[in-house]
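Everything on this sheet refers to the single structure shown next.
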Amino acid sequence: MKIFSQQQLPDIDAATIQEQNIKSIDLMERAAQYVSLYLSSLSYSRYVIFAGPGNNGGDALAVARLLAAKEGNNITAYLFNIGKGLSSNCEANRNRLAECPNVSFTEITEKFEPPQLSEDAVIVDGLFGTGLNKPLNGGFGALVQFFNASPAHIVSIDMPSGLMCENNAQNVRNHIVRANTTITLGAPKIAQLMADNHEFVGKLIVADIGLSDGKSKGLDSNYEFTDKEDIKNIIRERDSFGHKGSFGHSLLIASTYGMAGAAILATRACLRSGVGKVTVRTPHRNNNILQIAIPEAVLNLDSHEKHFSSPINTDDYNALAIGPGLGTSHDTAVAFIEQVRRTRIPLVIDADGLNILADHKGWIQQIPSDTILTPHFREMQRIGSHCTDSYSALTEAQEMAVKHSFFIILKGHFTAICTPEGKTFFNSTGNSGMATAGSGDVLTGIICALLAQKYTQTEACRLGVYIHGLAGDIAANKLGETSLIASDIIEAIPEAFLQLSAKDAEKAPSPDFLILK
Ligand SMILES: NC(=O)C1=CN([C@@H]2O[C@H](COP(=O)(O)OP(=O)(O)OC[C@H]3O[C@@H](n4cnc5c(N)ncnc54)[C@H](O)[C@@H]3O)[C@@H](O)[C@H]2O)[C@H](O)CC1
Ligand SMILES: [K+]
């Protein structure tokens, strides 16, 4: 699913109207139908609708009319017409609503007497959407503070009012609506996917209102939201005639003595992700624990008792992941950069690999092109130079990916994959239970397995991050987010692959057919 910028959205609207031969007010009606359907599904009977002067307000007034058409709903609507007048579709919906007998409707042109809002009411926030051009202030700022202080449940249409679509570094945070739920139209907006805006967005629901993909107007976007359909186009069926060799050989370089768990988690996840064979290079003293924990893995023992100290030849392997639990001692750092510099196979750098780079920023130049780096926000802050919030971390990751020809997986609630071509793919799976020790090691193992199976870097990043999140969701459904641990994610990887594999889902159409393997 493409994500278009604030600037492009009016053109997408226009393309939709032209391609589908509809009027813009019909598109607004479609949006309002989705929103009112959602609102009706909530167990509230009192809805207080706040409409602004633009099309976001138009949506809200249409929602008020549609909700009022349902018996038993108690609807109050306020339209704030205090500036330069209303957009034409907002005005048209004001006129339609004025004819509705069972709505208490007030158009505010000067003074506003705020209603009592109790916890049994829903505030429908239709003040401002994607047309916001500067932070809210004055009366609208005060109105937002009134919403946020009330005990009512808040549902925002398209955007929490006051939130800019992309960069909110200069915004006034207490003038942004703190929604319980945001129903966004068409596709998510970038700002809604940033961790530090979660307090405003709440639960994010995307209403597919059938918007154009922009092709007819030559519109393209560097942002995509990866959904199940995209993943089904990436994932390949396993070759029935394949053997261990044809599914690749992954090499993991991981763990000091005392951190063996990182290597174990990454290796198990790698083995569960379809690779033919996995070798782990780890210090001598990790021998017993790894042999016992993962009988399927081959060990390549570093001569040092306790840490990684010498690089190895990677010619016999198809992909390398380095970093989980690796440690950052001087000896290890030198071996790390030597290993990375000489590696010619697809490469993933994670965890302590990233910490070593943060300690030696000059070494970043020496990392081969097409390497995958997997920082979370704090690691990005450490390897980068100027990120202070989620959006600046994203822009820094994008710049670094283009400058050095890296793939940067910026891990978070909506993990972002930044490519050397300047594209960014947001992931749609995963949950907060996955913010737990070892979860990153699991992701590294999965991606290393996919690279060894000859998925391209873009495919391995998108598929790996999606599978990791889906496995986390499957595990959380069974166990709850609170108790989730990294091993549970690994346990759920098979089910995640099963859900995505067309072949595994294939059934004989009747008992007369026998599908041979
Ligand atoms: N394709 C879609 O996704 C559809 C979206 N719809 C809805 O339309 C809005 C966007 O409408 P637009 O009229 O462009 O913008 P807004 O309603 O958000 O606001 C415009 C209005 O507000 C004034 N304004 C802007 N910033 C400020 C400010 N800081 N303070 C005060 N006033 C401000 C501006 O001058 C205008 O008057 C989208 O979000 C959806 O909700 C369609 O209805 C369906 C298709
Ligand atoms: K809104």
Side-chain angles (χ1 to χ4, degrees), residues 1-20 22-36 49-63 66 79-94 123-144 147-148 154-165 168 170-172 175-189 191-192 200-202 204-214 217 219:
M1 183 192 296
K2 293 250 184 236
I3 297 180
F4 290 100
S5 68
Q6 178 182 32
Q7 263 188 330
Q8 293 172 312
L9 287 174
D11 293 331
I12 292 295
D13 249 14
T16 311
I17 288 161
Q18 199 176 42
E19 285 166 24
Q20 300 176 18
I22 54 170
K23 295 196 188 99
S24 62
I25 197 158
D26 300 331
L27 192 56
M28 184 175 274
E29 192 72 8
R30 207 188 279 174
Q33 268 158 359
Y34 276 89
V35 176
S36 59
I49 285 130
F50 293 88
N55 289 339
N56 196 250
D59 291 350
L61 297 176
V63 165
L66 294 171
L79 167 62
F80 291 82
N81 182 4
I82 53 174
K84 293 172 272 174
L86 307 175
S87 73
S88 60
N89 284 343
C90 183
E91 194 172 325
N93 267 306
R94 188 241 348 241
I123 292 175
V124 179
D125 159 34
L127 291 178
F128 299 99
T130 56
L132 189 80
N133 49 31
K134 58 179 188 299
L136 291 178
N137 58 19
F140 281 119
L143 186 58
V144 166
F147 290 180
N148 290 344
I154 305 180
V155 177
S156 288
I157 303 176
D158 208 18
M159 291 291 284
S161 296
L163 188 69
M164 310 288 284
C165 287
N168 283 275
Q170 307 302 326
N171 212 331
V172 182
H175 288 176
I176 305 173
V177 169
R178 290 167 183 273
N180 295 89
T181 301
T182 298
I183 305 175
T184 199
L185 305 174
K189 321 296 180 263
Q192 295 169 344
F200 308 119
V201 177
L204 181 63
I205 297 177
V206 183
D208 179 2
I209 59 167
L211 294 179
S212 161
D213 62 6
K217 291 218 166 210
L219 288 167

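For ligands, and for the atoms within them, numbers begin at 1 and follow the listed sequence. Just so you know, residue 1 is the first one in the sequence shown, and it goes up from there. No experiment lies behind these values; they were computed from the predicted model shown.
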Task: Minimum-distance pair of heavy atoms, taken over all atoms of K217 and A14 - done: NZ-CB, 4.0 Å

TODO: May I ask you to check whether S156 brings an N, O or S atom to under 3.4 Å from the K ion (ligand 2)?
DONE: no

TODO: Would you confirm whether any non-hydrogen atom of the protein falls under 4.0 Å from atom 31 (C) of ligand 1?
DONE: yes

- [ ] Just jot down the ligand 1 atoms closer than 4.0 angstrom to any heavy atom of L136, in number order.
- [x] 28 (C), 29 (N), 30 (N)

Task: atom 2 (C) of ligand 1: the protein heavy-atom neighbour that sits closest, reported with distance to 0.1 Å - done: D13 OD1, 3.3 Å

Open item on the list: With side-chain contact (heavy atoms from CB on, under 4.5 Å) as the test, pick out the partner of F50 among V124, I123, D125, V144.
Closed with: I123

Open item on the list: Return the closest protein heavy atom for atom 5 (C) of ligand 1 as residue, atom name and distance.
Closed with: L185 CD1, 4.0 Å

- [ ] For the K ion (ligand 2), decide whether G129 has an N, O or S atom at a distance under 3.4 Å.
- [x] no

TODO: Report the nearest protein non-hydrogen atom to atom 6 (N) of ligand 1: residue, atom name, distance rounded to 0.1 Å.
DONE: D59 OD2, 3.7 Å

Task: Closer than 4.0 Å: a protein non-hydrogen atom to atom 36 (C) of ligand 1 - done: no

Open item on the list: If the cut-off is 3.4 Å, does any N/O/S atom of V177 fall short of it from the K ion (ligand 2)?
Closed with: no

Open item on the list: Could you identify the N, O or S atom of D125 positioned closest to the K ion (ligand 2)?
Closed with: O

TODO: Please assess R30 against Q20 for the test side-chain contact (heavy atoms from CB on, under 4.5 Å), listing each intermediate value before the final yes or no.
DONE: CA-CA 13 Å; R30 207 188 279 174; Q20 300 176 18; 2.7 Å; yes

Task: Atoms in ligand 1 flagged as close to N133, the criterion being non-hydrogen separation under 4.0 Å - done: 25 (C), 26 (N), 27 (C)

Task: Nearest heavy-atom neighbours spanning C90 and G54 - done: CB-O, 3.4 Å

Open item on the list: Within ligand 1, which atoms have a heavy atom of G129 less than 4.0 Å away?
Closed with: 16 (P), 18 (O), 39 (O)

Open item on the list: Is the contact between N55 and ligand 1 made by the side chain, the backbone, both, or neither, using heavy atoms and a 4.0 Å cut-off?
Closed with: both

TODO: Take every heavy atom of I12, measure it against each atom of ligand 1, and state whether any distance is under 4.0 Å.
DONE: no

TODO: Kindly assign one of parallel, tilted or perpendicular to the pair F128 and F140, based on the angle between their ring planes and the thresholds 30° and 60°.
DONE: perpendicular

Open item on the list: Under 4.0 Å, heavy-atom basis, I'd like to know which part of P135 is in contact with ligand 1: side chain, backbone, both or neither.
Closed with: backbone

Open item on the list: Check this for me - ligand 1, M28, N or O atoms closer than 3.5 angstrom, yes or no?
Closed with: no

TODO: Look at the N, O or S atoms of T182, main chain and side chain alike, and state whether any lies under 3.4 Å from the K ion (ligand 2).
DONE: no

